[in-house]
2 protein chains.
Amino acid sequence: MSFKHDLFSQFARVGKALSNGNRLEILEYLAQTERSVDDLAKVSGLSVANTSQHLQQLRQVGLVTSSKIGLKVYYRIAGDDVVNLLKLLREVSERHLADVNQLVNTYLTVKDELEPVAREVLLERVKQGLVTVIDVRPSEEYLAGHLPGAINIPPDELEQRLKDIDSQQEVVAYCRGPHCVYSFNAVQQLRNAGIQASRLEGGFPEWKSAGLPVELTV
Amino acid sequence: MSFKHDLFSQFARVGKALSNGNRLEILEYLAQTERSVDDLAKVSGLSVANTSQHLQQLRQVGLVTSSKIGLKVYYRIAGDDVVNLLKLLREVSERHLADVNQLVNTYLTVKDELEPVAREVLLERVKQGLVTVIDVRPSEEYLAGHLPGAINIPPDELEQRLKDIDSQQEVVAYCRGPHCVYSFNAVQQLRNAGIQASRLEGGFPEWKSAGLPVELTV
DNA sequence: CTAGTATTCAATAGATTAATTGAATACTAG
DNA sequence: CTAGTATTCAATTAATCTATTGAATACTAG
């Protein structure tokens, strides 16, 4: 039965693409917004050549696509199903790998204190004007798409912009995903400043792939 | 930022477990029912030692669990989330890898001719007694759990048992999953015999992980 | 047409992986 | 206690993977 064998080998190619931490990190960046090779090399801290090779592996199994615009080659995630696959990979890892739990509990201390806000719940509260939503990602990622009405405060600017935030209203922060530290740190800082703050469940890619409305800065 | 790096490395461990075709095949068998090591070695065609090593890799990342009963060590899938991860891995592969499409279209010829029956639709029709459901898996797997009211006809027995099937009623066949050839072949054989036949969407593991009712032979 | 930039290619070294083989371990049945 | 069975361990080989380096390619701006 060669068909069965060949088929599983093909599925394994996709698994192999997900078998390297650097590639997973690149995929998370691409889940926020499309990026050029050297842009990705910069944010990931890898060499350009190395980044390029990882991107080609991802492209070969169809997880990302690319196109040349001007001088640069831009890569983007191939579809929402890829975002969902990454989400599920993280969830399975968190559920079944003790090491992940340990890491998460060590670094993301807010985690235990409060359940994150569900997406639909937040959407409802935003419509009613009951909550301030803060996007704690670098501004490039914010500009490429964000939650409706969210204001952008990159991690290193939060300190000085704390006073601009209406301390009477509840604040919900989000960033790249369920394990991105930015929003955890932001919630901590906000609470220290006496503001009622919590985190959104997941991050921007999960929001978008759930089919919820997204705002673009024009 | 070592946390980020460590975390992605952990996720990559799970990806690595999914990066080998033989392991994916083993996981598909375990998604049907728990099995002992040499049982798995037999159905997969691998050596016992090799099978054991693959199983240990799967266990190390928590995708399967094991327990010793009598002389044998039985392995089973760790949870429904793992079944869903495999499902999504297949779907992403099929959607983005041209080679998978080519394989599927070459070997699973019924595929194009008719859309599979949705799970909820089938459940409704079964309740109304409108359809005969055939489980085209080896009897061990059938015995460990099957669709309510389904009768078991292993692939190599279908030929001689064709005459036992009520040719007036519609037949729906299923087996291990969306790419398992048994149900495709069965539909073909049934149609050649003048019986109205179609396939269930997905297979038994997908049915079960969707939370639909499962029947156990006592 | 030329200089400069962005990306990819090619070659390499060190590490990891899959499969094979044979031995070691753990356990059960008699 | 012993023989037999099921599984795991250990060592090996061939193949594959990651990251680095430096060169090659493709393209744009001037």
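Here is the naming used below: chain letters follow the sequence lines, and residue numbers restart at 1 for every chain.
Remark: A/Ser52 is in phosphate contact with C/dT8, judged by side-chain N or O atoms under 4.0 Å from OP1 or OP2. Residue A/Tyr75 has no polar side-chain atom (N or O) positioned under 4.0 Å from OP1 or OP2 of C/dA6. Between A/Ser47 and the phosphate of D/dA19, there is no side-chain N or O to OP1/OP2 separation shorter than 4.0 Å.
Side chain to side chain, A/Gln56 and A/Ser52 meet the donor-acceptor criterion of an N or O pair below 3.5 Å. Between the side chains of A/Arg76 and A/Ser67, a donor-acceptor pair is found at a separation under 3.5 Å. Of the N and O atoms on the side chains of A/Ser209 and A/Asn84, at least one donor lies less than 3.5 Å from an acceptor on the other residue. Counted by atom type alone, A/Asn22 and B/His5 present zero donor-acceptor pairs between their side chains at under 3.5 Å.
The pairing partner recorded for D/dA19 is C/dT12, the criterion being a Watson-Crick or G-U wobble arrangement whose two distances lie under 3.5 angstrom. Pairing for D/dA24 is with C/dT7, a Watson-Crick or G-U wobble pair whose two hydrogen-bonding atom distances lie under 3.5 Å. Across all strands shown, the partner of D/dG30 is C/dC1, judged by Watson-Crick or G-U wobble contacts whose two distances both fall under 3.5 Å.
Distance, B/Lys68 NZ to D/dA6 P: 11 Å, rounded to whole Å. The CG atom of B/Asn50 sits 15 Å away from the C1' atom of D/dA11 (whole-angstrom rounding). Between the NZ atom of B/Lys72 and the C1' atom of D/dG4 there is a distance of 14 Å, given to the nearest Å.
Listed by residue number, the members of residues 10-46 of chain B with any heavy atom below 4.0 angstrom from DNA chain D are B/Ser36, B/Val37, B/Asp38. Within residues 53-61 of chain B, the residues having any heavy atom closer than 4.0 Å to DNA chain D are, in order of number, B/Gln53, B/Gln56.
Between B/Arg176 and B/Glu141 a salt bridge is recorded (basic side-chain N to carboxylate O distance below 4.0 Å).
In this structure, B/Gln53 CD and B/Leu58 CG are separated by 12.0 Å, a value rounded to the nearest 0.5 Å. Distance check, rounded to the nearest 0.5 Å: CZ of A/Arg95 to CG of B/Leu85 gives 10.5 Å.
Judged purely by atom type and a 3.5 angstrom limit, B/His146 uses its side chain to pair as donor or acceptor with the backbone of B/Tyr142.
If you run ring pair (Phe, Tyr, Trp, His ring centres under 6.0 Å) between B/His179 and each of A/Phe11, A/Phe8, A/Phe3, only A/Phe11 comes through.
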